[in-house]
Amino acid sequence: MHVSVAVVGGGPRGLSILERICGQPHTDWDSLTVHLIDPHPPGAGVHLPDQPNYLLMNTIAGQVTMFRTGDRSATGRPIAGPSLADWAGAAADSYLPRGTLGRYLAFAYRRLRRQAPPNVRIQEHRAGAHQARTLRDGSWVLHLSDGSLLAVDFVFLTTGHGTNQPTEEDQRIQRFVADHRRSNPDLRYLRSCYPLHQLDTIEPGSRVAVRGMSLSAIDTVAALTTGRGGRFLPGPDGELVYRPSGAEPRLRVYSRSGRIFAPRAVNQKRPTDVHQAAHLTLKAIDALRAEVGQLDFEQHLLPLLTADLREAAEATGGPLPDVAALLRPREHRFPRTVAAHQQDLVDFLTADERQAAAGNLTSPLKAATDAIRDLRTELRHAVEHRGLTPRSHERFCQVYAPLLNAVAAGPPAHRSREWRALFAAGVLQLGAGPGGSLRLDSERAEFAITGAVQSSPPVHCDVLVGASVDPFLPERDTAPLTRSLLAGGHARPFANGWFHPGGFDIDQVGRLVRADGTITPNFCALGHPTEGAHYFTNMLPAPGVDSRVTADAEAAVRAMAEHLRHTVAHRANPLPVQGVAP
């Protein structure tokens, strides 16, 4: 008996499914065809191999692999291969260009394909999946963007980040641009900085406001400075000095929170040197849930997390930081001027970089923030699949998840030095203090950036760039496949009571939940399309340790095998579909 499955999305999550399929013996059927569907070359996903080298990973090379030897979730025969650091011949603690990661992922795909079991055939389709419909026997027909059709018995959705339809605010800004472009030909609105090549159309000297001061803002600023030929040179005092090329625009950054990124510490840990939960344990979480049901993050979990971070800081033997303040939403101190707030941010970057240079086992502060990364398994266990009350879940998503990411998932420390150099050169300036917001100035046909610092005048600009990526919101997602799944009742948005955080509703192994609440038995979603029911899905596996990526893929592939074993193997006379590939 021949069976076929589709993997829609050929990036890292698609590779994780392919790895689990290739690492398993498939003895219940004669042959298995895996249709890998992606308009781009398989493996890299958004990590395009031809990206400029100034776009860096935010994870060190030694903590990335696509080969799962040593992971307890990797049953069967895991295919062996090098980590990213070993493959690239780089130091384990180095931050490599994202293009290098893309080339590594493409290499991993080729190795997985080459070492697939003899009865597994991988067929590439350089197209997108635009529509999904079911036949009477429950199998799927996928309509691809190149006009072809595929009949498959099981589907894995691993598409990663998507694009949302513009919000009402986006539409209001776009109408403003359209109505005033004649008065100001430079007026433009880029609701997202990605893809970064669209920034190439911004003219040198233009007044540009960048909305955001975290990881996507780092990409945006790098593209408009280093990407324009500017150079960072060593200065006499150990600081960097920025030498402009003359092709840069005039950059202003701002955000509503007023928070700027915090760099990651120099890594002193081996892959197995993770902070073991002593307070926020799985057992403690289960006991709380047995006692009260859905949890309140601030009441039930935050004290346990704080206690664990305090222990991680104490283990360094150094002076203890105010660990509770790390996990407290920042209370804004409103300086007298925007320039004063900019100096506060520069001072923070300077001090925090010194902490980062000390290392994640030496600096008490950075040992605590790095422990957040180690405790993500426990955080997921507490939060996922309606673990929090709707109100607490909403506050977690709006306040605590961004806060945890800001302090634990920052860029390499030299980004702090670069931004200080850009501030010193005047190429980059703060556009507003805390509470930064946008006003549309019709009289001047310009954007005006204002903040809570009342004594500072608004900053006017011609180009507004949103330094962010879209969350996956099924009702607003522009992908035709998402619309098809919702319209056909095959999927529904995840909801925790009245709160809708985003993502598809799924069961514990990733199978889609239909509109009527039943399970779609042969359609699994993994990664970003499940961010809502799941927490922090944007990750890559690390070598030699257990990974949530592997566990997700293992569960989904087991669901596939069970479904095929109990349905397809007993199916007689499958329905032919004209024009459908085998």
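Values reported hereafter were calculated over all heavy atoms of this structure, with side chains retained and with hydrogens, waters and symmetry mates removed.
- Looking only at side-chain heavy atoms (C-beta outward), Thr75 and Gln24 come within less than 4.5 Å of each other.
- For the residue pair Asp470/Thr163, the side-chain donor-acceptor check at 3.5 Å is not satisfied.
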Quiz prompt | Steps toward side chain to side chain donor-acceptor pair (under 3.5 Å) verdict (Thr520, His490) | solution = CA-CA 7 Å; Thr520 305; His490 307 300; 5.6 Å; no
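- Within the 3.5 Å criterion, the main-chain N or O of Glu554 finds no donor-acceptor partner in the side chain of Ser73.
- Panel note: side chain Arg77, backbone Gly23; no donor-acceptor pair is recorded below 3.5 Å.
- What you find for Leu481 and Gln131 is that their closest heavy atoms are CD1-C, 4.0 Å.
- The nearest pair of heavy atoms linking Ile218 to Pro411 is CD1-CG, 3.4 Å.
- Between Gly14 and Val7, the shortest heavy-atom contact is CA-CG1, 3.8 Å.
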Quiz item: Between Gln508 and His385, does a side-chain contact (heavy atoms from CB on, under 4.5 Å) hold up when you go through it step by step?
Solution: CA-CA 8 Å; Gln508 294 289 336; His385 293 285; 3.6 Å; yes
Self-check item: Derivation and outcome, side-chain contact (heavy atoms from CB on, under 4.5 Å), residues Leu512 and Ile506
Solution: CA-CA 5 Å; Leu512 294 182; Ile506 55 172; 4.2 Å; yes
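- Relative orientation of the Tyr400 and Phe297 rings is tilted, given thresholds of 30° and 60° on the angle between their planes.
- A distance of 6.0 Å or more separates the ring centres of His143 and His130.
- Aromatic ring pairs are classed by plane angle as parallel below 30°, tilted from 30° to 60° and perpendicular above 60°; the pair Tyr535 and Phe396 is perpendicular.
- Closest heavy-atom contact between Leu375 and Leu305: CD1-CD1, 3.7 Å.
- Taking the side chain as every heavy atom from C-beta outward, Asp219 and Leu55 approach each other to under 4.5 Å.
- No donor-acceptor distance shorter than 3.5 angstrom exists from the side chain of Gln115 to the backbone of Leu112, with no hydrogens or angles considered.
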Exercise. Please step through salt bridge (Lys or Arg N to Asp or Glu O under 4.0 Å) for the pair Arg386 and Asp505, ending with a clear verdict.
Key: CA-CA 11 Å; Arg386 305 175 181 88; Asp505 197 359; 3.3 Å; yes
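- A heavy-atom distance below 4.5 Å is found between the side chains of Thr167 and Arg476.
- Among all heavy-atom pairs drawn from Leu190 and Gln198, the shortest one is CD2-OE1, 3.5 Å.
- Using cut-offs of 30° and 60° on the angle between ring planes, the pair Trp140 and Phe523 is perpendicular.
- With Tyr104 contributing its side chain and Met66 its backbone, the two residues share a donor-acceptor pair below 3.5 Å.
- Side-chain contact between His125 and Leu36 is absent, with no heavy atoms from C-beta onward closer than 4.5 Å.
- Here CG of Asp86 is found 11.0 Å from CZ of Phe67. Values are rounded to the nearest 0.5 Å.
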Quiz item: Are Arg126 and Asp146 close enough, and set up right, to give a salt bridge (Lys or Arg N to Asp or Glu O under 4.0 Å), and what steps lead you there?
Solution: CA-CA 8 Å; Arg126 298 289 179 88; Asp146 61 6; over 6 Å; no
Practice problem: Evaluate the salt bridge (Lys or Arg N to Asp or Glu O under 4.0 Å) criterion for residues Glu124 and Arg113: first the C-alpha distance (whole Å), next the side-chain angles of each, then the deciding distance (0.1 Å), finally the verdict. | Solution: CA-CA 11 Å; Glu124 297 176 21; Arg113 178 168 184 155; 2.9 Å; yes
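- Residues Leu251 and Val210 form a side-chain contact, since some pair of their non-hydrogen atoms from C-beta on lies under 4.5 Å apart.
- Residues Asp516 and Arg492 are not paired through a salt bridge, judged by the lack of any N-O separation under 4.0 Å between the basic side chain and the carboxylate.
- Atom-to-atom distance recorded for Thr478:OG1 and Gln165:CD is 7.0 Å, nearest 0.5 angstrom.
- Proximity of a side-chain donor or acceptor of Thr518 to a complementary backbone N or O of Arg514 within less than 3.5 Å is not detected.
- No donor-acceptor pair closer than 3.5 Å links the side chain of Asp477 to the backbone N or O of Asn164.
- Not a single donor-acceptor pair under 3.5 Å links the side chain of Thr65 to the backbone N or O of Ala542.
- Residue Glu169 places its CD atom among more than 12 non-hydrogen atoms of other residues, nucleotides or ligands, all under 6.0 Å distant.
- Proximity of Leu144 to Ile37: side-chain heavy atoms (C-beta onward) are separated by under 4.5 Å at one or more points.
- Counting only distance, with no hydrogens or angles, the side chain of Arg68 and the backbone of Val545 share a donor-acceptor pair below 3.5 Å.
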Exercise. Decide yes or no on ring pair (Phe, Tyr, Trp, His ring centres under 6.0 Å) for Phe156 and Phe154, but give the supporting numbers first.
Key: CA-CA 7 Å; Phe156 300 95; Phe154 202 100; 4.9 Å; yes
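- Between the Glu418 side chain and the Phe232 main chain, no donor and acceptor come within less than 3.5 Å of each other.
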Practice problem: For side chain to side chain donor-acceptor pair (under 3.5 Å), just list the numbers for Gln123 and Thr33, CA-CA rounded to whole Å, side-chain angles, deciding distance to a tenth of an Å, and then say yes or no. | Solution: CA-CA 7 Å; Gln123 183 174 338; Thr33 296; 5.7 Å; no
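- Salt-bridge annotation for Glu378 and Arg376: absent, with no side-chain N of the basic residue lying under 4.0 Å from a carboxylate O of the acidic one.
- Listed for the Asp370 side chain is no donor-acceptor partner under 3.5 Å among the backbone atoms of Asn360.
- For the pair Val141 and Thr134, the minimum side-chain heavy-atom distance is 4.5 Å or more.
- Interatomic distance, CZ of Arg98 versus CG of Leu56, reported as 7.5 Å (0.5 Å rounding).
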Practice problem: Could you walk me through whether Gln63 and Arg373 pass side-chain contact (heavy atoms from CB on, under 4.5 Å), step by step? | Solution: CA-CA 12 Å; Gln63 291 179 346; Arg373 296 166 54 85; 3.3 Å; yes
Quiz prompt | CA sep, side-chain torsions, deciding dist, call: Ser16, Arg13, side chain to side chain donor-acceptor pair (under 3.5 Å) | solution = CA-CA 5 Å; Ser16 71; Arg13 283 284 187 166; 5.3 Å; no
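- Interatomic distance, CG of Leu526 versus OG1 of Thr537, reported as 10.0 Å (0.5 Å rounding).
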Practice problem: Test Leu15 against Glu19 for side-chain contact (heavy atoms from CB on, under 4.5 Å), laying out the working first. | Solution: CA-CA 6 Å; Leu15 284 189; Glu19 189 277 332; over 6 Å; no
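- The two residues Gly11 and Asp38 have their closest heavy-atom pair at N-OD2, 4.2 Å.
- Here His414 and Trp419 keep their ring centres 6.0 angstrom or further from each other.
- Taking CZ of Arg415 as the reference point, atom CG of Asn58 lies at 8.0 Å (rounded to 0.5 Å).
- The residues Asp507 and Arg511 are annotated as salt-bridged, a charged nitrogen and a carboxylate oxygen being separated by less than 4.0 angstrom.
- For the pair Leu84/Met57, a side-chain contact is recorded, criterion being any heavy-atom separation below 4.5 Å from C-beta on.
- Taking OG of Ser468 as the reference point, atom OH of Tyr194 lies at 8.5 Å (rounded to 0.5 Å).
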